[in-house]
Amino acid sequence: MFENLQAPAADKILALMQMYRDDPRDTKIDLGVGVYKDATGNTPVMRAVKAAEQQLVDEQSTKAYTGLAGDPAFSDAMIDLVLGGTVARDRIAAVATPGGTGAIRQALEFIKRASPDATVWISNPTWPNHPSIIKYLGMKMFEYRYFDEDTRGVDFDGMMADLGTVAAGDVVLLHGCCHNPTGANLTMDQWGAVIALIKDRGAVPMIDIAYQGFGDGLDDDAAATRMVAKNFDEVLIAASCSKNFGVYRERTGILMAIGRNADEAKLAQGNLAFLNRQNYSFPPDHGARVVTTILNDPKLRADWEAELEATRLGMLDLRQQLADELKRLTNSDRFAFIAQHRGMFSRLGTTPEKVEQLRAEHGIYMVGDSRLNIAGLNAETVPILARAIVAVGV
C-alpha cells in the first residue's frame, strides 16, 4: 500500500529551521520558530517547573493511567486559570489533551460530531495548523479578514463585515490573546462588538488561547475569553500550557466545552471522553500534573507568576527597543506597531521576496509571511535586525 502514498507538502517552518542550522554565518538570527527563547537563545525550564518535577519524583507512587479525561484536578486548576470563576463549574466539560494542538484537533472533531455541516470561520491570517487540521478533517471553512497590511493592526471593519455573513450554527474561531501570527489584538470594546455580532448571527465561538501571560498579564490576557464565556450558552476553549509554563515537549493542553446547563455539559463530557478514547485513549499526565502542582501550591505559583511576568516584560522591552531603533534609523513612526503588538509574534507586513532578501543578505530567518518571533532577539541582535530591515526596504 505504501507505493500509493503521496509526499505531504514540506513544512515551511521545519525547512527554515534546517536552513538556519546549515547557515555558517556567525551573525545569523533565528526569528522563525514559535518557541520562547531567553537572551542566550535557550528555552529554559522554569524554576517552579523544576521544583514541581522534583516533588513528583519524590512523592509520586504510580504511573498508572489517569481517566480518559485526564486528572480532574488539572481540569479544575486550568478552568480557574483561564475562566476565573466566570462560568459555573457544572456547566463546563473538560479533557486533558496532548498540547494545545491536541485540544484544537479534539475541538474540531467534537464540532464535526455534533454539527457535521457547520462551517468553521478562521481569521486571515491565522496559525497554519488551524486550516490544515480543518481541511484534513474535510470540514467546511471560510476566512474572515483580520490583519491590515498597511497599518499592521486589526482590520476591524473588514472583520465585522465578514462575520456579518456567518450562518446560524457556524463556528467562529478566535484567538484569545496574542494573535498568532500577527501580534495584533482586538480592544475590549471591539471584543464586545464581535461578541454581539456572533450572538446575533446565532454562531458558536471557539477560543484558542495559547499565550496567556505573554501579552498584558494572566488576567488581562484571559479577559476576552472570559467575556465570551459569560455571554454565550455554548463555547469551546482550547488552551495550551506550552508557552506560559515552558513545558513544550510535555504536550500539555486542555479542551473546555461550556454548555447551557449541567445536563448539556455532562453530555459534552461523555463525548469528549469518547473522542479521547478514539484518538489516544488516556492523555499524557506528566506535564498536566506539574502544572496542577504549581497552580495549587501558593509558593510555587507565586514563583511561577514572577518568572512568567519577567518573561513578559522582557519581550515588551525587546519590542520597544526594536521600535525605537527603527524610528532612529528611519526618522519615522511607521514601525511603532511593533511596540503595540503583544505576545511572541509580530508581522512586518512585507513581501516574501523581502523576507528572502533578509535571509540571503543578512542571515535573518523569519517565516515567509513576515512573522517574526520577538523572543528570538536580544539586546545585541535588535540593532542588527533593525539595520537589515531598513537595508532591504521593508
Side-chain angles (χ1 to χ4, degrees), residues 8-44 99-101 123-132 147 149 152 175 178-184 208 210-211 214-215 240 242-243 246 248-249 311 314-316 318-319 321-323 325-326 335 337-338 341-394:
D11 188 298
K12 294 179 181 179
I13 294 181
L14 295 180
L16 194 70
M17 290 170 60
Q18 187 60 51
M19 291 174 67
Y20 176 81
R21 285 192 290 266
D22 294 340
D23 192 328
R25 288 175 286 189
D26 294 334
T27 56
K28 62 184 179 181
I29 304 174
D30 180 11
L31 304 178
V33 182
V35 175
Y36 173 77
K37 298 178 183 179
D38 62 19
T40 67
N42 182 48
T43 301
T101 303
S123 66
N124 180 14
T126 193
W127 181 47
N129 259 17
H130 288 155
S132 178
F147 188 65
E149 297 284 355
R152 275 79 158 188
H175 296 231
C178 305
H179 186 272
N180 178 6
T182 70
D208 182 356
Y211 300 92
F214 267 34
S240 171
S242 294
K243 286 78 178 178
Y248 293 90
R249 67 175 62 174
T311 297
M315 287 189 288
L316 288 180
L318 288 169
R319 287 186 174 282
Q321 290 172 30
L322 181 57
E325 184 65 10
L326 284 164
F335 291 100
F337 66 89
I338 293 173
H341 287 173
R342 288 295 182 268
M344 288 203 304
F345 305 118
S346 275
R347 184 163 169 171
L348 290 180
T350 191
T351 65
E353 290 76 20
K354 294 288 186 182
V355 171
E356 173 57 21
Q357 192 176 351
L358 284 168
R359 186 201 66 79
E361 298 178 8
H362 301 276
I364 307 295
Y365 285 77
M366 65 179 70
V367 182
D369 64 3
S370 74
R371 185 199 81 174
L372 61 91
N373 180 5
I374 292 294
L377 293 167
N378 58 45
E380 295 180 358
T381 56
V382 163
I384 297 173
L385 173 61
R387 288 195 295 271
I389 288 173
V390 173
V392 303
V394 169

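As a basis for the values below, the full set of heavy atoms in this structure was taken, side chains included, without hydrogen atoms, waters or symmetry mates.
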Worked verdict on Leu358 versus Val394 for side-chain contact (heavy atoms from CB on, under 4.5 Å): CA-CA 9 Å; Leu358 284 168; Val394 169; 4.3 Å; yes
Donor + acceptor pair across side chains of Ser123, His130 (<3.5 Å): no
Check: Gly183 main-chain N/O paired with Ser346 side-chain donor or acceptor under 3.5 Å: no
Can you tell if the side chain of Arg342 reaches within under 4.5 Å of the side chain of Met315, non-hydrogen atoms only? no
My understanding is that only residues two or more places apart in sequence, or in another chain, count here; which of them pass side chain to side chain donor-acceptor pair (under 3.5 Å) with Asn42? none
Does atom CD (Glu380) have a neighbourhood of more than 12 heavy atoms from anything else shown, all under 6.0 Å? no
Heavy-atom side-chain contact between Asp208 and Asn180 under 4.5 Å: no
Restricting to pairs with a member in residues 31-43, which pass salt bridge (Lys or Arg N to Asp or Glu O under 4.0 Å), not counting sequence neighbours? Asp30-Lys37
Does Lys28 make a cation-pi contact with Tyr20 (under 6.0 Å, within 45 degrees of the axis)? yes
Closest non-hydrogen atoms of Ile364 and Ala388, given as atom of the first, atom of the second and distance, are CG1-CB, 4.0 Å
Non-hydrogen atoms of Ser370 and Gly349 that approach each other most closely: OG-N, 2.9 Å
Looking only at heavy atoms, which two atoms of Pro131 and Thr126 are closest? And how far apart? CD-CG2, 3.7 Å
Check whether any side-chain heavy atom of Pro125 lies under 4.5 Å from a side-chain heavy atom of Arg347, and answer yes or no. yes
Report the C-alpha distance between Asn373 and Phe345 in whole Å, list the side-chain angles of each, state the deciding distance to 0.1 Å, and finish with yes or no for side-chain contact (heavy atoms from CB on, under 4.5 Å). CA-CA 5 Å; Asn373 180 5; Phe345 305 118; 4.1 Å; yes
Looking just at side-chain N and O atoms, do Asn129 and Ser132 make a donor-acceptor pair shorter than 3.5 Å? no
Look at the side chain of Arg319 and the backbone N and O of Ile338, then say whether any donor-acceptor pair between them is shorter than 3.5 Å. yes
How far apart are the closest heavy atoms of Tyr211 and Cys178, and which atoms are they? CB-CB, 3.7 Å
Looking only at heavy atoms, which two atoms of Ile29 and Gly376 are closest? And how far apart? CG2-O, 4.1 Å
Leu372 versus Ile374: any side-chain heavy-atom pair under 4.5 Å? yes
Do Lys243 and Tyr36 touch side chain to side chain, with heavy atoms closer than 4.5 Å? no
Would you say Arg25 has more than 12 foreign heavy atoms packed within less than 6.0 Å of its CZ? yes
Apply the test side-chain contact (heavy atoms from CB on, under 4.5 Å) to residues Gln357 and Lys354: give CA-CA distance (whole Å), side-chain angles for both, the deciding distance (0.1 Å), then the verdict. CA-CA 5 Å; Gln357 192 176 351; Lys354 294 288 186 182; 3.9 Å; yes
Flag the pair Glu325 and Arg387 as a salt bridge only when some basic side-chain nitrogen lies within less than 4.0 angstrom of an acidic carboxylate oxygen. no
State, with a plain yes or no, whether a side-chain heavy atom of Trp127 is found less than 4.5 Å away from one of Thr101. yes
Is there side-chain contact between His179 and Pro181, with heavy atoms separated by less than 4.5 Å? yes
So if I apply the side-chain contact (heavy atoms from CB on, under 4.5 Å) rule between Met366 and each of Thr350, Val355, Val33, which one comes out positive? Val355
How close do Phe337 and Leu348 get, heavy atom to heavy atom, and via which atoms? CZ-O, 4.0 Å
Does His362 use its side chain to pair, donor to acceptor, with the backbone of Leu385 at less than 3.5 Å? no
